[in-house]
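Notes follow the structure.
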There are 4 protein chains.
Amino acid sequence: MQAPQDTKPRWERRKDARPQELLAAALEQFVERGYAATRLEDVARRAGVSKGTLYLYFANKEELFKAVVRDNIVATIGEAEQDAATFDGPSGELLGALLMKWWEEICATPLGGITKLMLAEGNNFPELAQFYNDEVVARGSSLFTRVLTRGIERGEFRPVDPVVMTQVLIAPVIMLMMWTHSFMPTCDMPQIPPQEFMDVFIATTLRGLKADTP
Amino acid sequence: MQAPQDTKPRWERRKDARPQELLAAALEQFVERGYAATRLEDVARRAGVSKGTLYLYFANKEELFKAVVRDNIVATIGEAEQDAATFDGPSGELLGALLMKWWEEICATPLGGITKLMLAEGNNFPELAQFYNDEVVARGSSLFTRVLTRGIERGEFRPVDPVVMTQVLIAPVIMLMMWTHSFMPTCDMPQIPPQEFMDVFIATTLRGLKADTP
Amino acid sequence: MQAPQDTKPRWERRKDARPQELLAAALEQFVERGYAATRLEDVARRAGVSKGTLYLYFANKEELFKAVVRDNIVATIGEAEQDAATFDGPSGELLGALLMKWWEEICATPLGGITKLMLAEGNNFPELAQFYNDEVVARGSSLFTRVLTRGIERGEFRPVDPVVMTQVLIAPVIMLMMWTHSFMPTCDMPQIPPQEFMDVFIATTLRGLKADTP
Amino acid sequence: MQAPQDTKPRWERRKDARPQELLAAALEQFVERGYAATRLEDVARRAGVSKGTLYLYFANKEELFKAVVRDNIVATIGEAEQDAATFDGPSGELLGALLMKWWEEICATPLGGITKLMLAEGNNFPELAQFYNDEVVARGSSLFTRVLTRGIERGEFRPVDPVVMTQVLIAPVIMLMMWTHSFMPTCDMPQIPPQEFMDVFIATTLRGLKADTP
DNA sequence: AATGAATGAGTTTTCATTCAT
DNA sequence: AATGAATGAAAACTCATTCAT
């Protein structure tokens, strides 16, 4: 008896997988070489297809890049928004979980390379920078801001300015990511153990945020 | 009476100044646009010369970049090595001075952009990365390591591992530099006052390093 | 009771209609965009089939274009040849009918766009130009020439040179066609009423051709 | 003794001539092959330079085409505007001279191919069509309209609608141009002797325009 | 020393054509 | 018969590098 999900002929299953294969290849190539230096032919070869095939799925280099960001980073932000919306427990726990999710699912993976790439090349590709700012930076920041506001309103956090506090939360993580992820491999830089850093950072931050209890 | 260093007629002094003007223009352009995206024509225009003139002084783009690094960062490291070699006073004072020099003359100037650039694009230009590692990272690190060793040998510092300690010294400065250079242009990060940060950092570090006095 | 030409089941009739649908779509696309700028994918989409299907019926773009010309213009010329061959009446009547048929079935329909296209792009596609010249221009011209000869031989027309006279017949019709098809879209040209033009033109021409009757 | 206009070194004189050489090559190529089918490399080769050189003088294909139009057609229109502005004689004479100038300097030269090209491909390149309409069609038409108005105001012409009359003037010339210039060379079309056509056309038109004298 | 015109290899993108299913 | 995914040749455009003057 045949499994119901396998009734399609093989090439059709292949077709459905194509975009994912291309996005995976593109992610690797972008992270390895940067945006400008990535040649679409290399992305295609990496996915085992020809140059032209890429254009069946993505209109151009920019759209390919955006798709990579959407399919990975934006999707993760969406999950995090879901998590936050449905979470019932204490705000500190939520905040810690979000920071950890960000670290583990983005910063500590090859996706961290995308952030590095935007830092390095964003200036030269204003439309990409705009896109990244809107879809990632603004949306991610505002999620943290909302969680902070929630904690303050529920009396769990001290009444800090949630926008400024968001920046204070974000900065060390991005730095750690640059440090861990993207340092020149040839450079003998000091290793910072990321897990410990994040643990200490989150613990410290939550302690600092905790509202005074009389 | 003529200053002894100015015996040449003016237009010849101008000629001698050419390389410096080119290096200055190149530095600005590299910092603004990154290595890959910098067009030599823009460098030339910025220096007020033709593209061809650039090639009279620098064999190619890579050599131009190396020259920028040498003329600025490596030169500063050389001075620092001189300072260290001729300094007679306490090692803590020397160490603090070196950190401060690094901050003030490199990190806090446009040269900081070169470090950011190497972090971002080093992967794509292995030969540049190698050069930067050899001429800047290794040489700078080893200077700090020697000063630490000096301090330990003279009984001024606790007997820490000087190589590891070097990395501990370097990391916060680079982080502060990335921070200050506002590496995420779209992100309005809170300002960290660099001077205070450095003061506190140096003071803390030196206190931590100080050998126990019975 | 079934019509005798409709004995096939419906889906099969549909199948037979395929080439016609494709030719119709191709005609529209060629007229709208010109030969070079017509993309076969657009033709296919317009006909509601896939690009591959096009190649089941036509070997390539050029053959598709030729088929459009054959199926429409050449077919009409064939009919006209039949008409002329079987016509028994006065040559003037025949000539007028042929001119009118040409105008009404070709020039005044979208097929006029094909003529415009050949005028405009023929130079760039010598093989198409050759084909068009052989199948349309030469064949059409020779039909008029034969009718003129017939009229002269039967003593109905003055003894003009039938080849030159053919050219005199053709020119105004093509001009009117170019005019009617508004070949300069940006230019709001005054409308020439084509029916009146053709009526006057044919009447005048026939009067001019009529042999002197003693 | 050296001629004063030849003091420049040879390559510099060459440089000054470059744009003209490129424009001439581009004109030929555009007229021969149409806009879309013209490859910039062929234009370059025709001018005896490399592809890249073209881009030193013209930003892209579109600008090259515009430059061809400006340098030839628009320039001629400018001259005609001058002629018209400074002309003192009877309006009929002026009008006839303008029509003849148009015919001789544009329609009867390779520049006529540019008009054909716009007719054929204008639809596919809206920006070029816009440019051509603004710089050529509108400007040329308005010149004729002004001359007609001048004649009417001076009582030389009957009080026709000058805008409509402009179109009536333009149409036959464009048709003649299409006929003379751009017919498929393989087609045995009747030759219309252009000079005679223009003479008759102008004479007829001026007679028709002449104001009734009591 | 200085110029800047010239080059051509390299990259993105398009589209007629093929072919496995 | 029909599909539509895949291909790759071709063309526009960029820019590091060369070289005649």
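Quick caveat: nothing in here was measured; it's all calculated off a predicted structure. Below, chain A is the first sequence line, B the second, and so on; all start at residue 1.
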Check whether any side-chain heavy atom of D:Asn123 lies under 4.5 Å from a side-chain heavy atom of C:Arg33, and answer yes or no.
no
Please report the distance, rounded to the nearest Å, between CZ in A:Arg45 and P in E:dG10.
13 Å
Testing D:Glu32, D:Glu21, D:Glu41 one by one against D:Arg46 for a side-chain hydrogen bond (donor to acceptor under 3.5 Å, both in side chains), which residue passes?
D:Glu32
Taking C-beta and beyond as the side chain, do D:Leu23 and D:Tyr57 meet within less than 4.5 Å on heavy atoms?
no
Could you check D:Arg39 against B:Glu41 and say which one's nearest nucleotide on DNA chain F is further toward the 5' end?
D:Arg39
Rounded distance in Å - CZ (B:Phe30) to C1' (F:dA16)
12 Å
Most 5' of C:Ala59 and A:Asn60 on DNA chain E, judged by nearest nucleotide
A:Asn60
Output the rounded distance in Å from NZ (A:Lys61) to P (E:dG10).
16 Å
Measure CZ/C:Phe58 against C1'/E:dT17 and give the value in whole Å, please.
16 Å
Integer-rounded Å distance: F:dA12 P and D:Phe65 CZ
15 Å
Please state how far atom CG in C:Leu40 lies from atom P in E:dA16, giving the value in whole angstrom units.
5 Å
Between P of F:dA11 and CD of D:Gln29, the distance in whole Å:
11 Å
For A:Ala129 and A:Met118, work out which heavy atoms get closest and say how close.
CA-CE, 3.6 Å
Once pairs are restricted to Watson-Crick or G-U wobble with both distances under 3.5 Å, how does DNA chain F read as a dot-bracket string, [ ] for crossings and | for other-strand pairs?
.||||||||||||||||||||
Candidates E:dT7, F:dA12, F:dA16 - which lies nearest the side chain of D:Val49:
E:dT7
Can you spot which of A:Val74, A:Thr115, A:Leu117 makes a side chain to side chain contact (heavy atoms under 4.5 Å, CB included) with A:Tyr132?
A:Thr115
Name the nucleic acid region contacted by C:Leu56, choosing base, sugar-phosphate or nothing; use a 4.0 angstrom heavy-atom cut-off, strictly under.
base
Is there a donor and acceptor pair, one atom on the side chain of C:Lys51 and one on the base of F:dT3, closer than 3.5 Å?
no
Measure from CG on D:Leu54 to C1' on F:dC15 and round the result to the nearest Å.
16 Å
Under 6.0 Å from the six-membered ring centre of B:Tyr35 and within 45° of its axis: does the NZ or CZ of B:Lys61 meet both?
yes
Examine E:dT7: is either OP1 or OP2 under 4.0 Å from a nitrogen or oxygen in the side chain of D:Ser50? Give yes or no.
yes
Hey, is the side chain of B:Tyr55 poking within less than 4.0 Å of OP1 or OP2 on F:dC19, counting only N and O atoms?
no
Closest to the 5' end of DNA chain F, once D:Gly52 and C:Thr53 are matched to their nearest nucleotides, is C:Thr53
Would you say the side-chain atoms of D:Asn72 pair up with the backbone N or O of D:Val68, donor to acceptor, closer than 3.5 Å?
yes
